[in-house]
Structure formats: structure tokens, C-alpha cells
Amino acid sequence: MGIIDHKSKKEEEQYPMISKPLRLILLQKGSYVLSSLFFVFGFSVGLFLCLQLKAVHMSTTTTQRQPLWSTLLFNHTTTMDIKQELQLQVLQHNMSDQELFTKVSSLSSPTPSSSSSSSSWLGRRHNNDGKMVVKVAFMFMTGGRLPLAGLWEKFFEGHEGFYSIYVHTNPSFQDSFPETSVFYSRRIPSQPVYWGTSSMVDAEKRLLANALLDESNQRFVLLSDSCIPLYNFTTIYDYLTGTNLSFIGSFDDPRKSGRGRYNHKMYPQINITHWRKGSQWFETTRELALHIIADTVYYKVFDEHCKPPCYMDEHYIPTLVHMLHGEMSANRTLTWVDWSKAGPHPGRFIWPDITDEFLNRIRFKEECVYYGRDGENVTTSKCFLFARKFTAETLEPLLRISPLVLGFGP
């Protein structure tokens, strides 16, 4: 007792103005505040560690993309970067062909001067007047790499925002382009393609459908891995966007390689008088591209009855356009090929073939009529904008003479 009394007396001397019950209350509240502080601190540390672990998990997961909002907050991404990111997400969709074609078939065909109220389609680009900037979709169909990519890189250089690129290649092909390349991440979900079968047309429609997801794309050019441009970007862009017509070759060939491929089982949907042949390599407007994707009736007829020696890629689109949309096409192709040699394939060109005179002969080979958007029809010697088949070894001489002859690079 003496010890306790002595201790209490000392506390009273230290806190002479605070009564004993009040001191007990203060001690209890202080303990409560201290406990609360420890709880808040512990909760904050736990939350911080949880977020860090989640961030590490997301960065190591290859099947998930970084959210756009985090890109904005932490990487200060520009508006153009966001649009490119959105376009990459579109290219990497997991839709089946049927789902893709159905989705695209529901789209309207906006004009460059109109402002669509829909905001669901990605890649839209506008100028200062609020009008849509027309883009040309360059669609490359290849079985593997693009051996002439270096020439196309120079062709596209400095014209960002006025073109889109789509590449259809074999799914098993593993090579890729560096991040600095215009072809980087431009591969679409693809399927194997076999020469002379309907898979060729399937690949063409797959390219068209993916390009149609970007409503700024108003012109669509189908190219192979052996194609080259015959003019600079500005010349080709103005040529394509300066007319309302598509460029799809379609003619009545009475020979065995033409009408001789017609299968009478196609009747009555397709009559022999409707049968047409043309180049696989086309250029089309957005409106006509939508019509091609929307067709299911005539595609089924061709798929069932056009087998080798009938080649669907040479007959399906030329016949379809002739039957239903002939007024929308200039009825000629813009891609030059050399059929002077007999055989099922056009001539190929190698290093010694590449000269100024050779390219200029192609560029100014003949005269044709160009139907301008303003209604003016002009006779021109500029009838072909692209040419094929150029082998990989022609890249070096093409790059060497392109500044003088083609008007671009290096």
C-alpha cells in the first residue's frame, strides 16, 4: 500500500490540474487514436503492395493489353497514339470470318464531307474543318514476308494519316517488322491460302472487311508481295480519290480460258452471258467494297461450282460487279502485269530488268480515259499505278532509281 500511495502522490505532483478519472479517460482515448493510426498505416501499406503485385502481373501477361487510361496517366500518350492503339486492337480481334463479314455488312458508307454520328468505328480522322480525311487502304496479300517492304517504306514516308496498311499472310509465318516500320503490327487474323481455290477470294474479302472497320478508309487497293508503286504517294492518292469509280477489270473472254470455265450448274443465278474474267488485283471504293462483302448468294454459287480449271479469284468479283454494279467501275485494273509469255502465270522481273526505260514503258504504255469526280473525262497515259511481279533481288536497283523515275526515296 505504501508503494502505491507513493506512486499516486508522484502522479498528482506531475499533473496537479488533472483529476484521476480524467486522466484515465485521456489514456483510453490516446490508446484508441494510436490503434487507429496503426490500422490506417497497415491498410495503406497492404493496399500499396496489392496494387504493385497487380501491376507486375499485368506487365507479365502477354494476352492482355495495357488499358488506355493507364497509358494516358503514366505514359502521356498523344491522341494519335491512342487512335493507333485502338486500330491495333481492331486488327487483333478474335471474330470469325462470318462474324466479321456480318458486322461489316451492317455498316453504312459515310462520305468524306459528312460527319457520322456513330463513334463506334475506329481510326476516324478529321481536318480543321471537321471533315473526314480520306485514307487509302493498302492491302497486301502474301504467303510470308514482304521482300519489297523497303521500297514501300520510302513510298509511304511523310504521308502518315492518309493511308492504312493491312497484311494477310500465312498464320504460321513468324517473322515480324521492327516498331519503326509502317508494317509493324499490321497483320490481320488470317487463314492459309491455296492457289486456285476459293481461299484466295476469302483472303481478299478478309482484307476488305478488316479495312472497312476504319471508316476513314474510302479507297481499297489489293496488292501482292511482288507489287511495286509506279508513282509517288501524292500522285497515286490524288488519282484514286479524284474519281467516284472503282478500278476492276471485267471482260467477256470467248476463249477456253474465259467462257470455257463457265459451269452450267451455275444457272439460273449466273448465266453464261453474265460470265466475266478479270485481274485479281483491284482498287475499289468503300461503297462497292461493302457490296462485295455483303454478297452471300453469288459467292456460294462460285464456291460450289468454280473449281480448277475455273479460278474463282479471276471470275467471282469481275462477274459480280458486272452483274450488279457495273456502273460503279471503270472496267479496268490499275495493276500492270506481263502476259506476253504463254503460261498460267505472268512474267517475273529480276535485277537486270530494272532500268529507267523499262519502268517508263510501263508507266506510259498506253492511253485510257480517266473519269474525274467533277464529271470531267480526261484521256491520259497514266493508266497503271502499280506493277508486278518483281522479285526480291530488284529491291536494290528499284531503290537506286526511284528518286529520279518514281519520284520518292531514298
With ring centroids as reference points, do F302 and W275 lie under 6.0 angstrom apart? yes
Does the cation-pi check pass for K205 over Y299, that is, NZ or CZ under 6.0 Å from the six-membered ring centre and within 45° of its axis? yes
Would you say R219's side chain and L240's backbone share a donor-acceptor pair under 3.5 angstrom? yes
For F173, does the CZ atom have more than 12 heavy-atom neighbours from other residues, nucleotides or ligands under 6.0 Å away? yes
Please report the interatomic distance NE2(H291) to CD1(I317), rounded to the nearest 0.5 Å. 13.5 Å
If you round to the nearest 0.5 Å, how far is CG of L207 from CE of M139? 5.5 Å
Which pair of heavy atoms, one from S105 and one from A294, lies closest together, and at what distance? OG-CA, 3.5 Å
Work out which heavy atom in W281 is nearest to a heavy atom in R388; give both atom names and the distance. NE1-NH1, 3.2 Å
Under 3.5 Å donor-acceptor pairs involving side-chain atoms of residues 140-156, not counting sequence neighbours:
{"residue": "T142", "atom": "OG1", "partner": "G144", "partner atom": "N", "Å": "3.1"}
{"residue": "T142", "atom": "OG1", "partner": "G144", "partner atom": "O", "Å": "3.4"}
{"residue": "T142", "atom": "OG1", "partner": "R145", "partner atom": "O", "Å": "3.1"}
{"residue": "T142", "atom": "OG1", "partner": "D225", "partner atom": "OD2", "Å": "3.1"}
{"residue": "W152", "atom": "NE1", "partner": "C227", "partner atom": "O", "Å": "3.1"}
{"residue": "E153", "atom": "OE1", "partner": "V182", "partner atom": "N", "Å": "3.3"}
{"residue": "E153", "atom": "OE2", "partner": "S181", "partner atom": "OG", "Å": "2.4"}

Can you find a heavy atom in the side chain of L208 that is under 4.5 Å from one in the side chain of F282? yes
S164 and D214: CA distance, side-chain angles, deciding distance, side chain to side chain contact (heavy atoms under 4.5 Å, CB included) verdict: CA-CA 9 Å; S164 301; D214 181 347; 3.8 Å; yes
Should the pair W195 and Y311 be assigned to parallel (<30°), tilted (30 to 60°) or perpendicular (>60°) ring geometry? tilted
Y262 side chain vs I270 backbone, donor-acceptor pair below 3.5 Å: yes
Is it true that N210 and H93 share a donor-acceptor pair across their side chains at a distance under 3.5 Å? yes
Taking the side chain from E376 and the backbone from R373, do they hold a donor-acceptor pair closer than 3.5 Å? no
Between T285 and N244, does the side chain to side chain contact (heavy atoms under 4.5 Å, CB included) criterion hold? Intermediate values first, please. CA-CA 7 Å; T285 63; N244 291 320; 5.9 Å; no
Answer whether the closest heavy-atom distance between the side chains of I354 and F390 falls below 4.5 Å. yes
Can you tell me how far apart CD1 (I362) and CG (L385) are? Round to the nearest 0.5 Å. 12.5 Å
For residues V221 and E283, report the shortest heavy-atom separation together with the two atoms involved. CG2-CG, 3.7 Å
Just checking Y163 against Y237, ring centres under 6.0 Å apart? no
To check you understand the geometry: which heavy-atom pair defines the closest contact between P346 and K389, and what is its length? CG-CD, 3.6 Å
Compute whether any side-chain donor of one residue and acceptor of the other, for T234 and N232, lie under 3.5 angstrom apart. no
For a side chain to side chain contact (heavy atoms under 4.5 Å, CB included) check, start with the C-alpha distance between L107 and E215, then their side-chain angles and the critical distance, and finish with the verdict. CA-CA 9 Å; L107 299 180; E215 69 174 9; over 6 Å; no
Report the residues that fulfil ring pair (Phe, Tyr, Trp, His ring centres under 6.0 Å) with Y166, sequence neighbours left out, ordered by chain and then residue number. none
Side chain to side chain contact (heavy atoms under 4.5 Å, CB included) between H274 and M266, intermediate numbers included: CA-CA 11 Å; H274 299 146; M266 294 181 170; over 6 Å; no
Quick check: does any side chain N or O of K277 sit under 3.5 Å from a backbone N or O of S257, one acting as donor and the other as acceptor? yes
Taking every heavy atom of P178 against every heavy atom of Y184, the minimum-distance pair comes out as O-CB, 3.3 Å
May I have all residue pairs that pass disulfide bond (SG atoms under 2.5 Å apart) and include part of residues 379-410, sequence neighbours excluded? C368-C383
Does Y316 reach the side chain of E204, with side-chain heavy atoms less than 4.5 Å apart? no
If we ignore hydrogens and angles and just use 3.5 Å, is the side chain of R348 paired with the main-chain N or O of T391 as donor and acceptor? no
Just by distance, do the side chain of R286 and the backbone of L212 share a donor-acceptor pair under 3.5 Å? yes
Got a sec, which residues hit salt bridge (Lys or Arg N to Asp or Glu O under 4.0 Å) with D238, two or more places apart in sequence or on another chain? none
Separation between CZ (F251) and CG (D253), nearest 0.5 Å, reads 5.0 Å
Of all pairs that satisfy disulfide bond (SG atoms under 2.5 Å apart), the ones with a partner from residues 244-332, not counting sequence neighbours: C306-C310
Heavy atoms, side chains only, cut-off 4.5 Å: are V136 and F233 in contact? no
Checking R206 side chain against D97 main chain: does a donor-acceptor pair fall under 3.5 Å? no
Heavy atoms, side chains only, cut-off 4.5 Å: are P229 and I236 in contact? yes
Can you tell me how far apart NZ (K300) and OG (S198) are? Round to the nearest 0.5 Å. 13.5 Å
Looking at F364, I'd like to know if its CZ atom is crowded, meaning that more than 12 non-hydrogen atoms belonging to other residues, nucleotides or ligands lie closer than 6.0 Å. yes
Are W351 and E396 packed together at the side-chain level, in the sense that at least one heavy-atom pair is separated by less than 4.5 angstrom? yes
Between the side chain of R276 and the main-chain N/O of T273, is any donor-acceptor distance below 3.5 Å? yes
Do any N or O atoms from the side chain of N217 and from the backbone of A211 form a donor-acceptor pair under 3.5 angstrom? yes
When you compare the side chain of E304 with that of K265, does any pair of heavy atoms fall below 4.5 Å? no
Step by step, would you call W336 with F349 a ring pair (Phe, Tyr, Trp, His ring centres under 6.0 Å)? CA-CA 13 Å; W336 180 84; F349 303 104; 5.8 Å; yes
Rounded to the nearest 0.5 Å, how far apart are OG of S250 and CZ of R332? 14.0 Å
How close do G409 and P403 get, counting heavy atoms only, and between which atoms? O-CG, 2.9 Å
Between K382 and Y231, is NZ or CZ placed under 6.0 angstrom from the six-membered ring centre and within 45° of the ring axis? yes
Holding to side chain to side chain donor-acceptor pair (under 3.5 Å), I want the full list of residues that pass it with T197, two or more places apart in sequence or in another chain. S199
Between T284 (side chain only) and S246 (backbone N and O only), is there a donor and an acceptor less than 3.5 Å apart? no
For a 4.5 angstrom cut-off between non-hydrogen side-chain atoms, does V369 reach E367? no
